[in-house]
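These numbers come from the heavy atoms of this one structure, side chains and all, not from hydrogens, waters or symmetry mates. Keep in mind it's a predicted model, so treat the numbers as computed, not measured. The sequence lines fix the lettering, A, B, ..., with proteins before strands; numbering per chain opens at 1.
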Amino acid sequence: MSDTTVSEPRSLKPGLVPPRSGDPEITDEVVTGHGLSAEEYERVLRIMGRAPTFTELGVFSAMWSEHCGYKNSRPALRLLPTQAPWVIQGPGENAGVIDIGDGYALAFKIESHNHPSAIEPYQGAATGVGGILRDIFTMGARPIAVLDSLRFGDLDSPRVRYLFSGVVKGIGDYGNCVGIPNIGGEVHFDRGYEGNPIVNAMCLGLMKHEDLITGVAEGVGNTLMAVGARTGRDGIHGATFASEELSEDADEDSRPMVQVGDPFTEKLLLEASLELIKSGHIVGIQDMGAAGLTSSATEMAGRGGTGVTIDVSRVPVREEGMTPYEILLSESQERMLVVAEQGKEDEVRKILEKWELEAAVIGEVTDDGLFRVQESGVTVAEIPALPLTTGCPTYEREGIEALEIAQLRDRELPEADAPERDLSEAVLTLLDSPNLASKRWIYNQYDTTVRTGTAVRPGGDAGVVRIRGTRRAVAATTDCNGRYVYLAPKTGAQAAMAEAARNLVCTGALPLAITNNLNFGNPTKPHIYYQFRQAVDGMAEACRIFETPVTGGNVSFYNETDGRAIYPTPVIGMVGVVEDVDHVTTHAFRRPGDAIVLLGVNTNELGGSEYLYAFHGLVAGAPPSVDLMAERSLQQATLEMIRSALVCSAHDCSEGGLAVALSESAVGQEKPLGFEVRVDDPIAPVPLLFGEAQGRIVLSCDPDDVEAILEIADKHGVPAQSLGTVREAGDGLVIEAGAHRVHVDTHAARQAFTRALPRRMDQTLTADSE
Amino acid sequence: MRVAVLTFPGSNCDYDLYQAVKQVGGEPVWRWHRDRGLEGMDAVLLPGGFSYGDYLRAGAIARFSPIMEDVRAFAEQGGPVVGICNGFQILCEAGLLPGALIRNESLRFQSEDCLLRVERTDTVFTSDYAPGQVLRIPLAHAEGNYRADRETLDRLEGEGLVLFRYVDESGEVVREANPNGSLNNIAGIVNPAGNVMGMMPHPERAMETLLGSADGLGVFTSLLASLATAG
């Protein structure tokens with residue numbers, strides 16, 4: 001283990017602050033209880049030049065938590081490319097921002113709420129959506145879409161069904177009320193997430209370039225104002241809580257750390273904030289998110305190179321008797337910290353009053369570089385601001401692959417040579433797998449069409465939102481197959497990148513940038529750090545080759561329950577632009593008689609597949625290999641075909657393999673169709689039909705356009721083959737694979753596909769709502 | 001034609017209504033719920049969303065908003081008033097339309113396209129549709145289950161005050177087509193005077209095929225055409 005921080009930031013030493021009466025004494029136990037190691041506490045002492053007060057210790061604890069301080073991830077994250085000519089705002093702000101043409105910019109970010117959702121799924125997920133919305137509108141952008149990336153254990157567990165239904169309802173109720181369409185996302189069920197679900201929420205926001213604003217405390221003498229909801233005792237030390245492993249009894253003990261959301265207040269805050277930003281009366285604005293007032297104030301000062309003084313007695317509170325410690329670390333939702341131009345406080349207040357919200361002056365910007373907290377004029381904390389935000393010790397650890405994973409990867413796989421079951425039955429079973437089946441049960445609970453922009457709704461390869469007044473649209477997707485990353489972290493991360501990019505191009509969008517949510521176990525364990533580091537390496541390489549830089553994201557470590565880590569799950573949230581809405585394409589076959597073309601190559605890779613999990617309960621083998629250059633060519637070829645108006649449908653071929661991709665295009669729509677294809681690759685039937693080889697897209701097109709499509713593929717060096725024909729629903733789903741023949745009734749396939757989630761969930765509603 | 005689009009705290013379809021009015025050539029005018037007066041307005045639209053967070057009951061608080069007094073006066077003078085989704089809920093709570101919208105039978109928020117049959121084409125809201133025409137329109141609500149007492153229901157049916165009904169593809173009123181449990185598959189109604197209409201599905205979200213359907217256009221073109229005639 002090596003400490004890599006180059007130097008401690010310079011700053012003034014804080015003055016002496018006498019202990020506040022009633023506050024606990026600082027003992028070794030209190031320090032440890034705040035999640036600080038002995039070395040870290042040593043550094044606190046050096047920075048302070050004295051022992052911290054209890055309030056100051058709380059501030060360090062929150063700011064140097066994994067969640068706020070990125071102490072185990074920062075060195076690795078520096079490897080990720082962050083620049084491109086279209087990047088307007090890279091990492092370090094509330095959200096990334098890219099240019100999307102016609103004078104518009106797109107703000108976007110993803111964030112996790114795994115820990116709170118494991119304890120209290122409804123509020124945990126709801127406040128996750130609330131937080132990510134605020135990250136977007138504090139940039140001056142109006143939220144136009146949300147997506148959610150979810151992982152749970154297997155649905156046969158009642159506890160998992162409770163978590164799943166609670167999370168979906170939480171996401172729905174919050175986003176629906178605020179009025180932001182949900183345009184997609186993903187969900188996987190696998191015992192690898194049993195105790196520790198993943199709840200990542202992504203938001204996109206649209207703005208004119210000139211409306212961009214950042215979270216900076218500038219202008220000495222400017223006024224700090226607390227805006228929005230009042231501060232209560234909820235969520236105190238949520239950031240520190242999110243930086244620890246969960247234990248079996250975490251439920252009861254940790255529930256007070258989970259915040260409670262109020263989407264109605266959020267909607268008012270959204271409108272008020274956008275009006276404030278337009279008014280020109282403010283110079284900076286930031287969500288009081290993780291670590292609340294502490295992180296927003298110190299981060300704004302840090303970015304501005306200034307100091308701030310806050311008097312906690314002026315912060316509007318929900319209850320009497322709150323201590324400075326509590327007010328500083330509360331994570332009450334729907335609050336903003338605003339830096340107003342001096343003299344414009346009343347103007348700010350008027351805008352908030354119109355929206356029936358409060359605004360209170362709580363402090364000012366100073367030039368001394370200190371984060372100073374007072375209680376009715378008496379100083380209770382004084383800390384150099386910069387070391388709080390950038391002085392957090394960072395660790396670059398040694399990573400070692402766990403032996404058992406290498407063994408799993410090398411394991412011989414069943415059915416790799418000869419099938420042990422009826423292949424037609426296998427297709428039906430896979431379509432009924434919650435991982436592959438229709439997610440309609442989920443997105444029927446989300447408003448997907450509000451704001452009248454949704455051109456491709458959930459259920460497609462990516463969500464697409466039209467930009468009114470232009471010919472353009474933006475597309476977004478979230479992707480990651482944790483099994484792949486578990487079996488081979490670098491390849492798995494690259495597969496996530498590749499799938500995200502394929503999903504975007506299948507809707508007609510050019511991929512432009514990513515935000516990532518790196519969900520891992522405890523990074524102080526060498527085999528976890530190995531996963532993390534390998535995944536970041538793989539992602540960095542893919543970002544460079546795809547020209548999709550990272551503009552921000554989130555790291556969520558300690559996703560472990562009783563020492564068992566989740567599958568490493570670096571979720572990629574990728575955004576792109578459709579140049580002309582006429583190019584918008586979906587995954588669904590359109591007309592009987594259309595030709596079906598496969599871009600890319602079938603392989604005999606069966607490792608990490610849903611087939612192995614569904615039939616053998618196995619997560620094993622090497623995950624499908626990823627050829628990044630081939631992926632890039634595939635993306636370019638597909639886009640050219642779509643832009644040339646040759647493509648009727650385009651669908652990424654991934655989980656479940658070729659047989660499932662074809663079936664989804666056929667029955668993944670209200671009016672299902674059939675198909676008849678033939679594949680002659682010299683590959684055993686199970687890997688051929690159900691292997692998850694990367695770099696493949698299934699197209700359909702007018703039969704007269706097949707030649708043009710093959711020509712474009714050839715020009716880009718992309719292997720392509722004509723597979724067969726779209727048929728009437730009554731003709732069924734037919735695949736000839738060498739000597740094997742799959743024939744599935746279209747109606748039965750549609751039933752399996754659409755009933756998989758309802759039949760597992762609806763029976764248990766009463767039990768869940770207890 | 002000046003069409004007021006009201007915004008209550010928590011409204012979130014006001015923007016969509018504004019765009020819909022603009023698209024058919026009307027002149028939309030924002031009206032905040034505390035602004036008073038609807039003078040000079042030719043029609044008033046109450047948008048969907050979650051006014052006051054749906055706290056207490058959907059529409060139960062918004063009906064006390066200052067502008068609702070003006071909406072009532074406007075309606076009493078025969079001015080056309082349309083409430084969509086939460087707007088419909090508010091009109092029911094305000095007593096401008098009969099009945100109530102309770103929680104969906106599924107007890108869940110439902111968001112999907114539904115099929116609606118146009119029951120009457122002799123109203124200012126439906127004149128551009130063909131009798132019995134089946135429309136594809138998105139809906140998105142948790143409390144859209146239309147309820148009324150026997151007497152009210154008989155009156156609605158007897159006087160032909162049901163404007164839209166949930167149907168299947170062939171235009172039949174069947175249980176499977178009913179997304180929320182509404183009595184008689186009722187999706188939208190009109191008052192006896194024919195100038196106040198409420199519906200749960202969102203015609204303003206079905207204005208162009210790019211977004212899935214243009215079947216909602218008729219509500220807005222009908223209204224604009226009637227205003228042009230009236231003017």
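The contact between A:V178 and chain B is made entirely by backbone atoms, counting heavy-atom distances below 4.5 Å. Residue A:Q445 touches chain B through both its backbone and its side chain, counting heavy-atom pairs closer than 4.5 Å. Of the atoms belonging to B:P138, it is side-chain heavy atoms, and not backbone ones, that fall under 4.5 Å from chain A. With a 4.5 angstrom heavy-atom cutoff, A:T449 touches chain B via backbone and side-chain atoms both. Interface residue A:R451: backbone and side-chain heavy atoms are both found under 4.5 Å from chain B.
For A:S649 (side chain) and A:V647 (main-chain N/O), no donor-acceptor pair under 3.5 Å exists by modelled atom type. Although no hydrogens or angles enter the test, the distance criterion places a donor-acceptor pair under 3.5 Å between the side chain of B:N180 and the main chain of B:S182.
Residue with the most contacts toward chain B among A:V584, A:V456, A:D262, A:N444: A:N444 (heavy-atom pairs, distance under 4.5 Å). For the set A:E266, A:K354, A:R440, the count of heavy-atom pairs under 4.5 angstrom toward chain B peaks at A:K354. When each of A:E670, A:K169, A:E271 is scored by its heavy-atom pairs under 4.5 Å with chain B, the top score falls to A:E670.
In summary, the aromatic rings of A:W441 and A:F164 are positioned with their centroids under 6.0 Å apart. Aromatic ring centres of B:Y52 and B:F8 lie farther apart than the 6.0 Å criterion allows.
Note that A:K208 lies in the cation-pi zone of A:Y104, set by a 6.0 Å cut-off to the ring centre and a 45° limit from the axis.
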- Stepwise, does the side-chain hydrogen bond (donor to acceptor under 3.5 Å, both in side chains) test hold for B:N104 with B:N145? CA-CA 5 Å; B:N104 297 345; B:N145 184 348; over 6 Å; no
